Amino acid sequence: MSPNGSREFLVTVFAPILAQARDLINRALTPGDTAVDATVGNGHDTLFLAECVGPTGRVVGFDIQPSALTETTRRLRDAGLEERVKLLLRGHEEMTAWFAESASLPRPKAAMFNLGYQPGGDKSVITRPVTTLIALASALELVVPGGIITVVVYPGHEGGRVETEAVLSWARAVPAHRALVACHQVLNTRKLGPLLLAIAKGS
Ligand SMILES: C[S@@+](CC[C@H](N)C(=O)[O-])C[C@H]1O[C@@H](n2cnc3c(N)ncnc32)[C@H](O)[C@@H]1O
């Protein structure tokens, strides 16, 4: 590999985890697709997904905190993209039920999970394994063949280690013919860094 080639490889592998998640999602989505933001939070990922799906696509976002939806509505309105997004004050564990009620909407091509607490918000409101695992199973079922799910999970916060272990054991048990799961984490930092799981559904 040429020196330039290897440098490019390093930039990709050591890019911030959230940027890597977006890169994977961006490669999967095309204009007109449906995408799910399973954890809306401050709406950075929702806005990113709205840009990826274009004016004819749709994004469905779930969060259990009104503050998350308020902040995200403002962000989308500032960008003029609120028409493409349906924000729901519902837990992501209700994803299957919501899509069943909204049968006219095409099934999602991609789903993003960014677990933990809302940055700048109430740190006691965190994603929990019991509901996260229901939502992951729902997303795997709902995403179209060839679609992708990204999961960023943080072992460093209160409750995060247990959730990380739960997500990893769920992921290891996904049959490979259904979806391939890859995991990425920088291992040698003082504070344990986040993990990125990329779940590619078979076509
Ligand atoms: C790390 S934040 C998400 C960050 C966000 N994607 C962004 O771009 O700013 C995690 C979010 O998950 C939300 N959350 C917790 N439990 C949830 C559940 N059962 N369903 C949906 N969202 C949940 C929290 O309220 C919090 O806003």
Side-chain angles (χ1 to χ4, degrees), residues 15-26 28-29 35-53 59-79 81-82 84-102 108 110-143 148-164 166-167 170 185 191-199:
I17 285 279
L18 292 175
Q20 294 194 39
R22 288 183 184 185
D23 185 44
L24 291 168
I25 294 282
N26 188 35
L29 286 174
V36 171
D37 188 347
T39 49
V40 164
N42 293 324
H44 298 284
D45 295 326
T46 316
L47 176 61
F48 162 75
L49 290 169
E51 288 166 348
C52 289
V53 300
V59 177
V60 183
F62 295 83
D63 207 293
I64 54 171
Q65 294 195 80
S67 61
L69 298 202
T70 305
E71 175 63 16
T72 301
T73 302
R74 186 196 57 73
R75 192 179 299 286
L76 292 167
R77 196 171 293 142
D78 286 353
L81 299 184
E82 73 268 36
R84 306 177 190 179
V85 180
K86 178 79 182 160
L87 290 177
L88 303 167
L89 187 61
R90 289 172 76 160
H92 43 213
E93 62 277 14
E94 295 183 44
M95 198 184 299
T96 298
W98 189 83
F99 271 90
E101 289 160 18
S102 317
M112 290 187 90
F113 289 75
N114 185 359
L115 302 173
Y117 56 83
Q118 182 185 6
D122 182 348
K123 290 192 176 173
S124 71
V125 182
I126 56 173
T127 51
R128 309 255 171 208
V130 63
T131 40
T132 299
L133 297 191
I134 293 171
L136 285 172
S138 300
L140 184 54
E141 185 64 36
L142 285 167
V143 162
I148 187 159
I149 302 164
T150 59
V151 187
V152 176
V153 57
Y154 302 81
H157 71 88
E158 181 85 23
R161 193 179 54 79
V162 172
E163 185 168 50
T164 302
V167 168
W170 174 85
Q185 183 186 35
K191 200 171 157 235
L192 211 48
L195 288 81
L196 167 64
L197 271 68
I199 305 169

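In listed order, ligands and their atoms are each counted from 1. Predicted model only: the values in this text are computed from it and were never measured.
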Report yes if some N/O of [X] lies less than 3.5 Å from some N/O of ligand 1; otherwise report no.
X	value
Tyr117	no
Thr39	yes
Asp45	yes
Tyr154	no

For the residue pair [X] and [Y], establish whether any side-chain heavy-atom pair is separated by less than 4.5 Å.
X	Y	result
Thr73	Glu82	no
Pro66	Leu89	yes
Thr150	Ile199	no
Trp170	Leu140	yes
Ile25	Met112	yes
Ile149	Val143	yes

Residue and atom name of the nearest protein heavy atom (relative to [atom]), distance in Å to one decimal:
atom	answer
atom 16 (N) of ligand 1	Ile64 CD1, 3.4 Å
atom 27 (O) of ligand 1	Asp63 OD2, 2.8 Å
atom 18 (C) of ligand 1	His92 NE2, 3.4 Å
atom 10 (C) of ligand 1	Asn114 O, 3.3 Å

Ligand 1 atoms in contact with [X] (distance to a heavy atom under 4.0 Å):
X	result
Thr127	12 (O), 14 (N), 15 (C), 16 (N)
Gly43	7 (C), 9 (O)
Asn42	7 (C), 9 (O)
His44	7 (C), 8 (O), 9 (O)
Ala38	21 (C), 22 (N)
Gln65	24 (C), 25 (O), 27 (O)
Leu115	1 (C)

For ligand 1, note which part of [X] has a heavy atom under 4.0 Å away: side chain, backbone, both or neither.
X	result
Glu93	side chain
Val40	backbone
Thr132	neither
Ala135	neither

Is it possible for you to check whether Arg90 lies under 6.0 Å from the centre of the six-membered ring of Phe62, through NZ or CZ, and within 45° of that ring's axis? no

**OP:** With sequence neighbours left out, write down each residue that passes salt bridge (charged side-chain N to carboxylate O under 4.0 Å, His left out) with Arg77, or none if nothing qualifies.
**Re:**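 By the salt bridge (charged side-chain N to carboxylate O under 4.0 Å, His left out) rule, Arg77 matches no residue at all.
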
Looking only at the side chains, is there a donor atom on one of [X] and [Y] sitting less than 3.5 Å from an acceptor on the other?
X	Y	value
Gln118	Ser67	yes
Thr132	Glu163	yes
Asn114	Thr39	no

(message) Give me each pair satisfying salt bridge (Lys or Arg N to Asp or Glu O under 4.0 Å) with a member in residues 118-142, each pair once, sequence neighbours excluded.
(response)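 Checked against salt bridge (Lys or Arg N to Asp or Glu O under 4.0 Å) - neighbours excluded - the pairs reaching residues 118-142 are Glu141-Arg178.
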
